[in-house]
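The block underneath contains the structure these notes are about, expressed in structure tokens.
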Amino acid sequence: MNTAQFTPAGTLTAEDLGRIHLIGVGGVGMSGLARLFLTRGLPVSGSELREWPSLAGLRALGGTIHMSHEASNLDGVDTVVYSSAIPQDHLEMDEARRRGLRVLHRSEALAAAMTGRRTVAVAGTHGKTTTTSMVTMVLQQAGADPSFVIGGEISEVGSGAHHGTGEHFVVEADESDRSFLIYRPYVSIVTNIEADHLNTYGDLANLEAAFAEFARLTDPDGFIITCADDPGGRRLAETLRAEGRRVWTYGEAADADLRLSAMVSSGQGVRYLAEIEGRSLGEFRLPIPGRHMGLNSASAALAAYLLELPVEAAEAALGAFPGVRRRFERKGVADGVLVYDEYAYHPTSMTLALRTLREVAGDGRLIVVFQPYRLYRTRDLQAEIAAALGIADELVLLEVFGPGELRQPGEGSAALVEAVPLAEAHKVFVDSWDEAPVEVARRARPGDVVVTMGAPPISLLGDQLLDALLARAGGAAGTTALGAAVDPDGAASAAG
């Protein structure tokens, strides 16, 4: 995608967009943007092919949702918004151009909403959704009432977007399609940099160059934050400091600006001591486990410090942080089995999440139900993904979710399952969505932890697993989000 053709932040305002229509409005990214515009008082419509959970909330806010893609959906519309999942020859895209309507990529529409605000943009290979949520909650705790758009929903707030009255705008900045290069942040946070989205960048060097370009777009009066413990983040800091830019780092490294020490993670959460510029900031505690969660929270604490917000606000917000939906989200317990959902699909984030879930499982076993996300990633990182899945005691593997991709011979989950270092009796590839709950009910024992992990559709499976476990125990099955109507290979237009 050539972002040089896009309208950068500061050129348009949200009000300039008039009546806004979003194609594929049900996905997390697009529904969050729709929610932002609706809470800002703007007229919004959208089209979908599936009844995503987010749509009820958009209707309640006054949004018009069309459950089909039709040319007539654009009647009365001024601006049409699409995501990278929408093909350029989509019928509503063609109709918008025929009518001469303004057509914007999601990132351009989001950039318009940022105009006039101090933007805090969070980028990185891993942890950006959680970090964006943490920064948002810290600002809220400090009374700043920020606007925000996050790639997931904060569990406590139940929303991934909001129009606030304050001067700050917190946004998750997506590097996958280079769209983060049209933002103009006041604060840029880069959590880490690892090889991913190489279908866009080709190699790690080009990816790191893009992150450096993103950081250089930061307001000269603002600042850049990155992780001293991450090799990619450290290289970024060195490059930008050599250019005379204002860079602050965090981590357990001895030379980090915000230095963390005595970090301890357990099933009850993570805690650490923090100091900066020779000053102790005291102890920070999170109610969710994982050293990686501690690092994410440290970037939010550092941003608060540099924005001159009370450290007490950061401590209180992080101490009450409820997590993010699909990020270490507890779904429930059935027949003595604890079920979680986790978005991780890159091997590094998978490894971190599974190690943390091992802490939670204690003496129980860890059963992973995994759906890989994108054929190119599964092919190029097969050995690394297989090694991460080897942390599990039992593995149930679904087919790769790759909307719009063509599977070549030897690609996909059948090849991946063979590479996972588990005995044959402890791993299985299921080619039918309905087989997964059956396999989990057959394998799980009281005291085990089950996690659904990976591509977006698998988030819908957790309730079905709980129902299968309840049925196994002779209890009445509860209702699931979409029940047997779930289509794991749904249209790409719904990916948002």
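Quick caveat: nothing in here was measured; it's all calculated off a predicted structure.
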For the student: nearest non-hydrogen atoms of [X] and [Y], plus distance:
X: Arg117; Y: Ser147; result: NH1-OG, 2.9 Å
X: Ser265; Y: Gly290; result: OG-N, 2.8 Å
X: Tyr345; Y: Gly454; result: CB-CA, 4.2 Å
X: Leu469; Y: Ala334; result: CB-CB, 3.7 Å
X: Thr378; Y: Ile385; result: CA-CD1, 4.0 Å
X: Val247; Y: Thr226; result: CG1-CG2, 4.4 Å

Given 3.5 Å as the limit, does a donor-acceptor pair link the side chain of [X] with the main chain of [Y], or not?
X: Tyr186; Y: Asp221; result: yes
X: Thr79; Y: Ile20; result: no
X: Ser188; Y: Ile224; result: no
X: Arg40; Y: Ala113; result: yes
X: Arg19; Y: Ser45; result: no
X: Asn296; Y: Thr131; result: no
X: Arg184; Y: Ile182; result: yes
X: Asp257; Y: Thr249; result: yes
X: Arg259; Y: Asp255; result: no
X: Glu277; Y: Arg279; result: no

So do [Y] and [X] actually touch side chain to side chain, heavy atoms under 4.5 Å?
X: Val187; Y: Thr119; answer: no
X: Val369; Y: Met453; answer: no
X: Ile150; Y: Thr129; answer: yes
X: Met137; Y: Gln141; answer: no
X: Pro43; Y: Phe37; answer: no
X: Glu329; Y: Lys331; answer: yes
X: His105; Y: Ser84; answer: yes
X: Val120; Y: Val171; answer: no

Let me confirm one number: the [atom1]-[atom2] distance from [X] to [Y], rounded to the nearest 0.5 Å.
X: Asp393; Y: Arg358; atom1: CG; atom2: CZ; result: 4.0 Å
X: Leu307; Y: Leu139; atom1: CG; atom2: CG; result: 6.5 Å
X: Met114; Y: Thr13; atom1: CE; atom2: OG1; result: 14.0 Å
X: Glu175; Y: Phe214; atom1: CD; atom2: CZ; result: 9.5 Å
X: Phe370; Y: Thr452; atom1: CZ; atom2: OG1; result: 11.5 Å
X: Leu17; Y: Arg102; atom1: CG; atom2: CZ; result: 6.0 Å

Practice item. Dump the intermediate steps for salt bridge (charged side-chain N to carboxylate O under 4.0 Å, His left out) on Arg59 and Glu48, then the final yes or no. Key: CA-CA 13 Å; Arg59 292 188 185 100; Glu48 253 308 337; over 6 Å; no
Taking only Lys NZ, Arg NE, NH1 and NH2, and the carboxylate oxygens of Asp or Glu, determine whether [X] and [Y] approach each other closer than 4.0 Å.
X: Asp448; Y: Arg365; result: yes
X: Arg235; Y: Glu208; result: yes
X: Arg271; Y: Glu283; result: yes
X: Glu243; Y: Arg245; result: yes

Practice item. Apply side chain to side chain contact (heavy atoms under 4.5 Å, CB included) to Leu104 and Leu12, showing your working. Key: CA-CA 11 Å; Leu104 298 179; Leu12 293 170; 4.3 Å; yes
Point to revise | Lys NZ or Arg CZ of Arg246 over Phe223 ring: under 6.0 Å, within 45° | key: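 That pair does not qualify as a cation-pi contact.
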Exercise for review: Report the C-alpha separation of His126 and His346 in whole Å, then their side-chain angles, then the decisive distance to 0.1 Å, and conclude whether the ring-ring contact (aromatic ring centres under 6.0 Å, His included) test is met.
Suggested key: CA-CA 8 Å; His126 316 292; His346 186 281; 4.7 Å; yes
**Study point:** side chain to side chain contact (heavy atoms under 4.5 Å, CB included) between Thr130 and Phe321, intermediate numbers included
**Key:** CA-CA 10 Å; Thr130 299; Phe321 184 69; 4.0 Å; yes
Review point. Under the side chain to side chain contact (heavy atoms under 4.5 Å, CB included) criterion, do Arg291 and Leu295 qualify, and how do the steps go?
Key: CA-CA 6 Å; Arg291 299 176 73 86; Leu295 286 174; 6.0 Å; no
Exercise for review: Go through Leu207 and Ile193 one step at a time and tell me if the side chain to side chain contact (heavy atoms under 4.5 Å, CB included) criterion holds.
Suggested key: CA-CA 8 Å; Leu207 177 64; Ile193 306 174; 4.3 Å; yes
Practice item. Kindly assign one of parallel, tilted or perpendicular to the pair Phe180 and Phe211, based on the angle between their ring planes and the thresholds 30° and 60°. Key: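 Taking Phe211 first and then Phe180, their aromatic rings stand perpendicular (interplane angle over 60°).
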